[in-house]
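First the structure, in the form of structure tokens, and then the observations on it.
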Amino acid sequence: MSLLKIKFSFQRRVRLAQGLWLLSWAAVFSGATTFGLGVFLKTELHRRAEVMHTMDIHMVPNLLMAVGLASVGINICAGRICQDSMDATRFARWKSYMIPFFCLALFFTTLMLVAMILSYALQPSLEESLKVGLKNGIRFYKDTDTPGRCFQKETIDRLQIEFKCCGNTNFKDWFEVQWINNRYLDFTSQEVKDRVRSNVDGRYLVDGVPFSCCNPSSPRPCIQYHLLDNAAHHNYEYQTEELNLYNRGCREALVTYYMGIMNTIGPGVMSVFLLQMTVLASLRYLQTSMEAVEGQENVEVDTEGYILEKGVKETVKELKEKLLKLVQFGQVDAAAEGQGAEDGASAEKAATPESK
Amino acid sequence: MALMKVKFDLKKRVKLAQMLWLMYWFSVMAGVLVFSMGMFFKIELRKRSELMDNNESHFMPNLLIGVGLLTCGINAFGGKICYDSLDTSKFAKWKSMLKPFLICCLIFNVLLFVTGLLCFAMRIPLQFTLAEGLKNGMKYYKDTDTPGRCYMKRTLDLMQMEFRCCGNNDYKDWFEIQWISNRYLDFSSKEVKDRISSNVDGRYLLDGVPFSCCNPSSPRPCIQHQMTNNSAHYSYDHYTEELNIWKRGCRDALVSYYGGLMGTIGILVLLVTVLEVLVMVGLQYVNTAFSSLANPEDPESESEGWILEKTVKETFTDIMAKMRAMGKTNQVEEGAEEQGAASAS
């Protein structure tokens, strides 16, 4: 029993071909949009590459770009096939390419789904990568004189200003790291000597944050230093102060930002996927109904179109048998060659003593 | 002798009409572009309206929006005329309207040109508006508890960070005003009392700037307070320190931003003017070519197109003569009326 058989009159075939042609051009456009979305996501990820440790998450935009390009190609072909289907002779030349074309198209369409699933599955990996990247960024903040790391300060400052965040998890991350370079510390002063001696590694730790953590919405001028000392500032209580610095950590801010982008792209990719499947199904119907017309004298006869010639189970069985045959054929070939070589060798042996 | 006479056969006429139709659609897009530039400019002015003197003038963006809409309308109408010109019956009904329409187009082109020039001229009033507005803005920086001014601090901070500037002319403007609200000053401390008594108005002045003046490119953490005191910071010399805070004044930064924006818009409007003039010339050719068929019954006959029927001088003298004739007719009419009134009485 064929799968999803539909009867097609000549009029219906013509309408199917016309509708499919329009649909395939819409699908070309949506394939180009998918490619564009992939490029956008890759650019955004690349811009913050300095605070990311691994590039695992780049798989998502790469897949989107590949799928977008493939979709454009597939749909242009589908459009051509549509145009040719009106003329039975021109349609005949596509015959041998149809099955491989469908397999390829199905493969790329499933990749779309894979990209969408990956965009959610890779979120923990993104968070981990940002955690390590930001930790390193904060550690190397002070190294403005070390080649290779001298832009770390500017990167972190601009990141904190743009995303309105402070530190890795929160602003207290800055208390655990020396973020003031030794070149600007007066090692003769008592205060500096005390602080450096107060911890094992000899680092100059302060309860202060860089200026880029300051929140412009605060009603009072920014308090950056002596954050935990209520007495150092008039009318200040650090336990209740909320607007002075940004409360959010940069890891959370960046993850929210990127997940927002991917959540917006997700439904778009889903609809492109559905459109593509519709195009492929319609093309299959067109192909099967046109094949039935082939060889008949009256082109306007009614035909049937289907997705699979036999049921799903039978088609799978047939595919298995075909594969087995190919494998056996390979073995038989090898065995036959082995036999033939032996025969040839013995024939030569027999021939040479005769010639002698 | 007609000005720039060109012979047209049917093929040439059809090509002219088609090309002109395409150019009209292009001009409609150009009109949309001018409109959107006007909208963008208006939004940009609104965003910084707190930093400009109260009487900031929205004349320029309003003019651009109006001119953009007018361009769209006139060009869509012209495109319709072009489309109809290939069909003699449809063209007949437009024929009478073409001359007044072309004169309208001419006036409109002059208006466009004037708009383009105004874009460049408006930079100077803008400069004065910004200078006044910024000075006031800085004065109200500390008033975060006064309703109506409580967002000035945030606006100024965000602006200084976005435009990478500090103060009005430069960072020293912050030394001359009190930018820390009295609520956060400990009046029992000696330092505060000293500073307040050191000047006539009793203001708390210090040689420091807000954090938004800090430059992220500086290799050392930002020095905001005690900026003129070299001994307050290790290895610091305020005469040679360049990267610590932004050196540019915000008035310069804003003027160059808005000036650049207006310059770009001005160039765009002048280019659109050139396009409009070309389109107008094309329409005049269509008008004359389609009206002057050698054999009115035969659509494939040859015709001639020109810009002006006589030379420029002759056309000018014609117009002057017409105006004088109109003036004389009025005088004769008035004279006749007076006569009539006199004889009646």
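Every chain is numbered from 1, with letters handed out A, B, ... down the list of sequences.
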Short donor-acceptor contacts under 3.5 Å linking chain B with chain A:
unit_1    : atom_1 : unit_2    : atom_2 : d
Thr144(B) : OG1    : Pro219(A) : O      : 3.0
Lys153(B) : NZ     : Pro216(A) : O      : 3.4
Lys153(B) : NZ     : Ser218(A) : O      : 3.0
Arg154(B) : NE     : Ser217(A) : OG     : 3.2
Leu185(B) : O      : His234(A) : NE2    : 3.4
Pro216(B) : O      : Lys153(A) : NZ     : 3.3
Ser217(B) : OG     : Glu154(A) : OE2    : 3.3
Ser218(B) : O      : Lys153(A) : NZ     : 2.9
Pro219(B) : O      : Thr144(A) : OG1    : 3.0

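With sequence neighbours left out, Lys80(B) forms a side-chain hydrogen bond (donor to acceptor under 3.5 Å, both in side chains) with Asp84(B). Looking at residues two or more places apart in sequence or on another chain, you find no side-chain hydrogen bond (donor to acceptor under 3.5 Å, both in side chains) involving Tyr83(B).
Heavy-atom contacts from other residues, nucleotides or ligands closer than 6.0 Å to NZ of Lys172(B) number 12 or fewer. Shown here is Phe187(A), whose CZ atom has more than 12 heavy atoms of other residues, nucleotides or ligands within 6.0 Å. At most 12 non-hydrogen atoms from other residues, nucleotides or ligands lie less than 6.0 angstrom from NZ of Lys15(B).
Of the atoms belonging to Leu185(A), it is backbone heavy atoms, and not side-chain ones, that fall under 4.5 Å from chain B. Proximity to chain A (any heavy atom under 4.5 Å) is shown, for Leu156(B), by neither the backbone nor the side chain. Of the two parts of Pro210(A), neither the backbone nor the side chain holds a non-hydrogen atom closer than 4.5 Å to a non-hydrogen atom of chain B. With a threshold of 4.5 angstrom between heavy atoms, Pro221(B) approaches chain A through its backbone and through its side chain. Heavy-atom distances place the side chain of Ile161(A), and not its backbone, under 4.5 Å from chain B.
The disulfide (SG to SG under 2.5 Å) analysis of residues 175-209 of chain A, with sequence neighbours excluded, yields no pairs.
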